[in-house]
Structure formats: C-alpha cells, structure tokens
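Below is one structure; the comments refer to it alone.
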2 protein chains.
Amino acid sequence: MLSNSSKYAIKGVLYLAVNSNEDRKIMVRDIFEMIHVPEAYLAKLLQELSRHNIISSTRGPKGGFYLSDEDRKRTLMDIVRVIDGEKRIKSCVLGIKDCDMDNPCVLHKLVGANKAKFIKVLQNTTILDLVEGKQDLEEFFPI
Amino acid sequence: MLSNSSKYAIKGVLYLAVNSNEDRKIMVRDIFEMIHVPEAYLAKLLQELSRHNIISSTRGPKGGFYLSDEDRKRTLMDIVRVIDGEKRIKSCVLGIKDCDMDNPCVLHKLVGANKAKFIKVLQNTTILDLVEGKQDLEEFFPI
DNA sequence: CATGAAAAGGATAAAAATGTCTTTTAATCT
DNA sequence: AGATTAAAAGACATTTTTATCCTTTTCATG
C-alpha cells in the first residue's frame with residue numbers, strides 16, 4: 001500500500017516538522033539515525049520532496065532541509081503522491097492494474113470502504129496537524 | 001500491504017470456489033486466462049496453497065485443483081498468511097520493522113484503526129461468504 | 001501395468017524496490 | 001576570490017518480488 005520509501009519520507013518530514021524552521025536547517029546527517037533510515041537513501045527522498053516543493057532546502061554552509069510555514073500545510077498524501085505516485089496508493093487492494101478506486105472491481109466493496117477511509121486520512125492530515133497538540137515531542141522519536 | 005502474489009492467489013481461489021468441486025477439478029491451464037495471472041506463476045501459488053491445505057488438488061488424468069467443502073470455510077487471511085506471511089500483513093502502515101499492530105508506534109493511532117478493520121475483514125470473510133449470495137456469478141470474472 | 005495427464009519442485013530470469021557511492025552545483029565564510 | 005560546506009544529481013549495486021522454464025513425481029484410467 002505504502003512503499004518503504006513513502007514511510008521513510010514521512011518519518012523524515014515529521015522530524016523536520018518538529019526540529020526545523022527557516023532559521024534552523026537540518027542536514028540529512030543529523031536526521032537519519034533518529035528515524036532509522038539509511039543516510040544516502042533518506043537524502044534522495046528528501047531531495048525528491050524538495051524538488052516537488054513539499055519541503056525546502058538550501059545548499060552550502062548553514063544549509064540543510066527545513067519546513068517553511070507553507071510546507072507545514074502539506075498533507076501526508078502530498079508526500080505519498082511524490083514518492084509512490086497517485087496510482088500505487090489508489091490501486092485496488094485485491095485487484096490488479098486496471099482496478100482502482102475510481103473504477104472498482106467487484107471485490108472492491110469488500111475492502112474498499114476501509115481503504116477509502118485510509119486515503120481520506122492521508123488527504124486530510126497535514127504535517128501541522130500531526131505535530132501540534134503534540135507537546136511531548138520526544139514521544140515521536142525515534143520512530 | 002498485500003503482495004501481488006496474494007492478490008493472484010485470492011483470485012485463483014475465488015475462481016475455484018465458483019467453478020470447482022470434488023467432482024469437477026480444474027487445471028491451471030483453464031484458470032489463468034480468466035483471472036489474468038501468468039500460468040506458471042499461478043501454478044506455483046496454487047501448489048503452495050495446496051501444500052498448506054488451503055485448497056485441494058489431485059494429480060494425473062482428471063486431476064486438477066478444487067475446493068472441498070472444508071476448503072470453502074477458509075478465510076482470506078488464511079490465503080494471505082500462506083503467501084505473504086503473518087508479518088507482512090500486520091506490519092505498520094507507517095512504521096518500519098519493529099512496529100506492528102501488537103507493538104504499535106506513535107503514528108499508529110493515525111491509521112491503525114482503519115488497518116485493523118481491514119485485517120478483520122480478511123479474517124472474518126470466508127471463501128463461502130464471498131461466493132454465496134452472488135447469484136450472478138459471471139459478475140466475478142474476469143477480475 | 002503401461003500410458004499419459006497433471007501437480008510438484010528446482011533452477012533460473014527479469015523487473016522493481018531498495019540502498020550506496022561519486023561527482024557536480026550552489027551557498028557561505030573567511 | 002578561494003576554500004569549505006552541504007544539497008543535488010545521477011550512476012551503480014544489492015535485494016526482493018515477480019515470473020518462467022524444465023524436469024520429476026504422482027496417479028487415474030484404459
């Protein structure tokens with residue numbers, strides 16, 4: 001349903017949400033251990049997200065990845081869409097290829113409702129939602 | 001969440017449920033086109049299920065795969081368990097490795113409820129459930 | 001009991017996902 | 001300007017999943 005890559009990406013962004021801002025950028029080197037993702041792999045994922053303007057980054061000294069206020073309004077679905085693509089997440093849990101939520105197979109009703117709800121959660125949950133109301137931030141990490 | 005293999009297996013078993021019984025065994029050759037699964041690959045999957053007594057088979061002339069009445073009481077979860085293993089299906093949608101339903105990570109509550117329901121469906125739905133009340137059997141295929 | 005039909009099983013191939021490494025580019029700081 | 005730092009980019013490697021092929025074993029039947 002979600003690839004490892006998407007999960008890694010979400011964890012990375014979550015870490016940035018808690019620990020970074022415009023004035024406090026973070027290097028991959030300082031993230032990967034906390035979230036248990038291989039350094040180079042995480043770098044690639046964050047680069048991909050940055051290229052799609054889901055997160056922000058600057059190069060050079062004092063550089064690193066961070067989340068702007070705008071970035072924080074992104075949903076989990078935005079992340080998944082970049083990493084896995086729309087198709088993978090929406091594809092049928094039981095069917096193959098041609099079956100998806102918009103064009104369901106006959107088995108779809110069996111599991112479709114649950115899956116639809118799951119997708120709604122991804123679509124409706126922003127990074128900000130996840131982090132705020134989370135006073136005890138320690139609680140998140142290590143994931 | 002579910003591997004292709006599991007989906008293939010479910011489709012195959014569903015076909016058997018509709019078209020086979022003790023007196024009417026079916027060869028892989030006569031299934032694979034209907035459900036859009038490569039012949040040799042489907043054979044492997046059905047063999048694996050047969051070995052685990054999820055479905056039945058006999059060799060030789062007039063042989064083939066079929067479902068006994070007992071087989072029909074198997075759940076979708078039984079199939080998935082054989083093909084994917086318990087671990088894969090129960091692993092966390094967001095976390096990695098050490099996080100699963102029995103030992104949830106902090107992100108789990110976000111998506112855990114939906115996933116739990118999905119698993120319950122797999123656990124509670126038997127092959128028989130799926131097929132009966134399905135008068136218009138044509139409707140199932142091709143999947 | 002010989003024969004042929006079918007599953008079973010082993011070995012291999014192809015593709016996709018995951019993970020690593022090296023070079024290039026850009027920002028910052030003397 | 002030049003040195004240094006860190007992301008960006010892309011080539012390369014590994015592992016897992018998916019898929020195929022081919023031989024062996026089994027068994028119903030004539």
Side-chain angles (χ1 to χ4, degrees), chain A residues 1-9 11-13 16 20 22-33 35-67 80 82-85 87-89 91 96-97, chain B residues 1-12 16 20 22-33 35-67 80 82-85 87-89 91 96-97:
Chain A
M1 189 124 93
L2 288 194
S3 68
N4 264 3
S5 296
S6 273
K7 295 179 189 180
Y8 286 165
K11 295 207 285 184
V13 172
L16 289 176
S20 82
E22 254 105 330
D23 301 321
R24 184 171 150 68
K25 292 150 193 171
I26 311 186
M27 294 182 291
V28 169
R29 180 194 306 157
D30 296 327
I31 306 177
F32 80 99
E33 282 174 322
I35 63 175
H36 300 136
V37 178
E39 184 171 5
Y41 197 17
L42 178 62
K44 213 160 81 166
L45 294 170
L46 293 184
Q47 282 162 23
E48 183 82 8
L49 290 177
S50 178
R51 205 176 322 131
H52 286 81
N53 299 308
I54 306 294
I55 68 175
S56 305
S57 67
T58 60
R59 298 176 173 186
K62 294 267 174 183
F65 293 96
Y66 65 99
L67 297 193
V80 173
V82 166
I83 303 298
D84 283 349
K87 203 164 184 180
R88 170 163 182 160
I89 181 71
S91 74
I96 300 285
K97 284 175 186 163
Chain B
M1 189 123 94
L2 288 195
S3 68
N4 262 4
S5 296
S6 272
K7 295 179 188 179
Y8 287 164
I10 289 173
K11 296 206 285 184
L16 289 176
S20 82
E22 255 104 331
D23 302 320
R24 183 172 152 67
K25 293 150 193 172
I26 312 186
M27 293 182 292
V28 169
R29 178 195 307 157
D30 296 327
I31 306 176
F32 80 98
E33 282 173 323
I35 64 175
H36 300 136
V37 178
E39 184 171 5
Y41 196 19
L42 179 62
K44 271 278 150 66
L45 293 171
L46 293 184
Q47 283 162 21
E48 184 82 8
L49 291 178
S50 178
R51 204 175 322 129
H52 285 82
N53 300 308
I54 307 294
I55 68 175
S56 305
S57 67
T58 59
R59 296 175 171 190
K62 294 263 172 191
F65 292 96
Y66 65 100
L67 295 195
V80 172
V82 166
I83 303 298
D84 284 349
K87 203 164 184 181
R88 171 166 180 157
I89 182 71
S91 73
I96 299 285
K97 285 177 186 162

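Proteins get letters first, then strands, A, B, ... in listed order; numbering begins at 1 in each. Atoms considered below: every heavy atom in the structure, side chains included; atoms not considered: hydrogens, waters and symmetry mates.
- With sequence neighbours excluded, the residues that form a ring-ring contact (aromatic ring centres under 6.0 Å, His included) with Tyr41(A) are Tyr8(A).
- Regarding Tyr66(A), its OH atom lies at a distance of 11 Å from the P atom of dA27(C), rounded to whole Å.
- Side-chain proximity of Tyr8(A) to the nucleotides dT18(C), dG19(C), dC21(D) is greatest for dG19(C).
- As rounded to whole Å, 14 Å separates atom P of dA6(C) from atom CZ of Phe32(B).
- Atoms CD (Glu39(B)) and C1' (dT18(D)) sit 16 Å apart, rounded to a whole Å.
- The CG atom of Asp30(A) sits 14 Å away from the C1' atom of dA7(D) (whole-angstrom rounding).
- Remark: Ser56(A) pairs with Asp71(A) by the side-chain hydrogen bond (donor to acceptor under 3.5 Å, both in side chains) rule, at least two apart or across chains.
- Phosphate proximity of dT18(D) to Ser5(B): present, with a side-chain N or O under 4.0 Å from OP1 or OP2.
- Nucleotide dA6(D) holds its C1' atom 8 Å from the CZ atom of Arg29(A), rounded to whole Å.
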What nitrogen or oxygen pairs link the protein and nucleotides 24-29 of chain D at under 3.5 Å?
{"unit_1": "dT25(D)", "atom_1": "O2", "unit_2": "Arg59(B)", "atom_2": "NH1", "d": "3.2"}
{"unit_1": "dT26(D)", "atom_1": "O4'", "unit_2": "Arg59(B)", "atom_2": "NH1", "d": "2.2"}

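- Between Ser3(A) and Ile83(A), the shortest heavy-atom distance links the atoms OG-CG2, 4.4 Å.
- Here the shortest heavy-atom pairing between Lys11(A) and Val37(A) reads CE-CG2, 4.2 Å.
- Counting to the nearest Å, the P atom of dA6(D) and the CD1 atom of Ile31(A) are 13 Å from each other.
- Protein atom CZ of Phe65(B) is 5 Å distant from nucleotide atom P of dA7(C), rounded to whole Å.
- Between Leu45(A) and Ala9(A), the closest heavy-atom pair is CD1-N, 4.1 Å.
- OP1 or OP2 of dA17(C) sits under 4.0 Å from a side-chain N or O of Arg88(A).
- Residues of residues 41-49 of chain A that place a heavy atom closer than 4.0 Å to DNA chain C, in numerical order, are Tyr41(A), Lys44(A).
- Following rounding to the nearest Å, Ile26(B) (CD1) and dA7(C) (P) show an atom-to-atom distance of 11 Å.
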Please list every donor-acceptor pair under 3.5 Å in which a side-chain atom of residues 24-32 of chain A meets a protein atom from a residue at least two apart or in another chain.
{"unit_1": "Arg24(A)", "atom_1": "NE", "unit_2": "Asn19(A)", "atom_2": "O", "d": "3.0"}

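- For Arg51(B), the side chain to side chain contact (heavy atoms under 4.5 Å, CB included) criterion is met by Gln47(B), Glu48(B), not counting sequence neighbours.
- At the heavy-atom level, Ile83(A) lies nowhere under 4.0 Å from the strands shown.
- Here the shortest heavy-atom pairing between Ser50(B) and Phe65(B) reads CB-CE2, 4.2 Å.
- Annotation for Leu16(B) and Ile55(B): closest pair CD1-CD1, 4.1 Å, computed over non-hydrogen atoms.
- Nearer the 5' end of DNA chain C, as judged by each residue's closest nucleotide, is the contact made by Arg51(B), out of Lys25(A) and Arg51(B).
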